[in-house]
Undergrad: 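Have a look at the structure that comes next, please.
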2 protein chains.
Amino acid sequence: LIKAILFDIDNTLFPSGEFAELARRNAINAMIEAGLDADATETYAKLKKIIKKYGPNYPKHFNALLRELSMRNDPKIIAAGIVAYHQAKASIFPYPDVPKTIIQLREKGYRICVASEGRALKQWDKLIRLGLHNIFHDVFVTSRKSEKFYRSVLTKLKLKPQEIMMVGDSIEKDIRPARKLGITTVLVSSHPSKEGDYRINKISELPAIIERLEND
Amino acid sequence: LIKAILFDIDNTLFPSGEFAELARRNAINAMIEAGLDADATETYAKLKKIIKKYGPNYPKHFNALLRELSMRNDPKIIAAGIVAYHQAKASIFPYPDVPKTIIQLREKGYRICVASEGRALKQWDKLIRLGLHNIFHDVFVTSRKSEKFYRSVLTKLKLKPQEIMMVGDSIEKDIRPARKLGITTVLVSSHPSKEGDYRINKISELPAIIERLEND
């Protein structure tokens with residue numbers, strides 16, 4: 001019997017990738033408006049390379065971008081990029097069915113949790129801006145969603161693997177390590193896949209799956 | 001003859017103090033809503049002490065606040081404070097007469113500049129959010145508004161002290177060091193003062209003062 005449901009955040013609760021792309025494109029447009037002499041499309045490709053090289057949590061992507069473009073550090077241009085980036089990232093919004101479905105599952109008595117990879121402050125920042133920070137019973141943030149992480153969540157929740165369901169979009173992070181421990185996994189994806197015990201297109205399909213599982 | 005006009009940013013172009021207080025009070029309310037067990041008024045007083053102790057540019061005021069309250073570091077509470085703080089600080093707005101007056105002076109042929117104390121990125125961030133970043137010909141940011149700073153501005157503008165006017169709210173930073181060099185100073189203040197060559201209540205009084213000065 002399922003007692004707790006774990007949700008991934010990025011691309012599960014909100015369209016993280018789309019917001020990140022919007023935020024980066026806005027930032028580049030703002031930097032060009034502030035005086036950066038570069039082509040927007042080429043600069044976007046360069047910025048993506050920089051993010052890949054330094055990782056998403058490096059705080060000076062735009063400084064690295066100016067270096068890459070052989071430009072001296074210009075605080076007007078950097079600030080223009082940061083303001084535009086933050087304005088886009090600050091306006092993240094959940095997938096429309098997410099808040100209702102999660103509240104519905106909570107009211108049915110399930111323990112509702114977040115299982116997220118990243119930095120705790122940054123993931124909480126997202127939950128707050130999504131307006132979801134008071135809906136979850138527990139929020140678990142780890143630097144890596146390994147088997148060890150899922151085992152520590154089981155310990156903290158004092159539950160057995162078969163009492164837990166993990167919902168997420170990443171086969172590598174949300175499905176495989178959880179499934180190895182015997183946790184029921186639900187892949188959120190629009191593409192057919194053999195991974196995960198179940199696959200859904202959107203979170204609102206979850207209550208029916210749980211009901212089916214309980215009746216089996 | 002005045003050729004260039006220098007403007008201070010904080011409390012000259014926008015009500016910086018009021019926004020800072022609003023941002024801090026919002027942050028504390030958000031932290032209490034996120035689980036901080038403390039009184040809002042007392043916590044605000046503690047936060048003000050911490051800002052005084054560590055300086056306004058210290059990036060971890062809220063962590064220091066939790067330590068001060070003998071609470072362990074809780075990323076939910078810290079993130080709630082940061083989000084609320086940034087949301088308030090992101091919505092700064094210029095004094096209503098500022099944009100029109102500055103554009104009017106620029107169209108009359110004056111070189112319009114910012115002379116600001118702080119970190120370049122942070123001051124540019126404010127100008128961008130105020131929608132003023134494309135109005136100024138030059139933006140000078142220094143760690144300290146000393147005589148040396150004003151001398152370097154004269155050199156960069158290739159102008160004599162009597163060709164420059166400095167407008168700001170701080171006697172110590174905007175008036176005294178500039179006046180020592182012979183720069184015409186305008187104090188923005190609602191309180192009578194013997195400091196500064198002129199005193200105005202708001203920026204829209206500036207064109208009349210310059211006209212009078214030119215006709216003398």
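Side-chain atoms are counted along with the backbone in the values below, which use heavy atoms only and exclude waters and symmetry mates. Lettering of chains follows the sequences in order, A, B, ..., and the numbering in each one begins at 1.
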Undergrad: Just so I understand: if I count every heavy-atom pair under 4.5 Å between each of A:Glu33, A:Gln123, A:Arg119 and chain B, which residue has the most?
TA: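 So the answer, after comparing A:Glu33, A:Gln123, A:Arg119, is A:Glu33.
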Undergrad: Quick check on B:Ile128 against chain A: is it the side chain, the backbone, both or neither that has a heavy atom closer than 4.5 Å?
TA: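 When you check distances to chain A, only side chain atoms of B:Ile128 fall under 4.5 Å.
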Undergrad: Look at B:Asn134, B:Ile82, B:Val139, B:Leu127 and state which one has the largest set of heavy-atom pairs under 4.5 Å with chain A.
TA: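 Heavy-atom pairs under 4.5 Å are most numerous for B:Asn134.
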Undergrad: Examine whether an atom of B:Ile78 lies under 4.5 Å from a heavy atom of chain A, and if so say whether it belongs to the side chain, the backbone or both; otherwise answer neither.
TA: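 B:Ile78 touches chain A through backbone and side-chain heavy atoms alike.
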Undergrad: With a 4.5 angstrom heavy-atom cut-off, which part of B:Ala90 approaches chain A: side chain, backbone, both or neither?
TA: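 For B:Ala90, no heavy atom lies under 4.5 Å from chain A.
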Undergrad: Report yes if the side chains of A:Ser116 and A:Lys126 come closer than 4.5 Å at any heavy-atom pair, otherwise no.
TA: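 No; the side chains remain at least 4.5 Å from each other.
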Undergrad: Aromatic rings A:Phe19 and A:Phe14: how do their planes relate, parallel, tilted or perpendicular, breaks at 30° and 60°?
TA: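 Plane angle between 30° and 60°, so tilted.
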Undergrad: Pick out which of B:Leu36, B:Thr43, B:Asn26 makes a side-chain contact (heavy atoms from CB on, under 4.5 Å) with B:Met31.
TA: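 When side-chain contact (heavy atoms from CB on, under 4.5 Å) is applied between B:Met31 and each of B:Leu36, B:Thr43, B:Asn26, only B:Leu36 qualifies.
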Undergrad: I'd like to know which of A:Asp125, A:Val141, A:Val83, A:Asp74 tops the heavy-atom pair count under 4.5 Å against chain B.
TA: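 It is A:Val83.
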Undergrad: So, B:Glu68 and B:Lys46, do they make that salt bridge, N to O below 4.0 Å?
TA: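 So B:Glu68 does not pair with B:Lys46 through a salt bridge.
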Undergrad: Which region of B:Gln87, side chain (C-beta onward) or backbone (N, CA, C, O), has a non-hydrogen atom less than 4.5 Å from a non-hydrogen atom of chain A, or is it both or neither?
TA: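 Only the side chain of B:Gln87 comes within 4.5 Å of chain A.
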Undergrad: Is it possible for you to check whether B:Arg24 lies under 6.0 Å from the centre of the six-membered ring of B:Tyr44, through NZ or CZ, and within 45° of that ring's axis?
TA: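 No, a cation-pi geometry is absent between B:Arg24 and B:Tyr44.
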Undergrad: Using side-chain contact (heavy atoms from CB on, under 4.5 Å), reason through B:Leu154 and B:Lys160 one step at a time and then give a plain yes or no.
TA: CA-CA 6 Å; B:Leu154 293 174; B:Lys160 291 168 201 152; over 6 Å; no
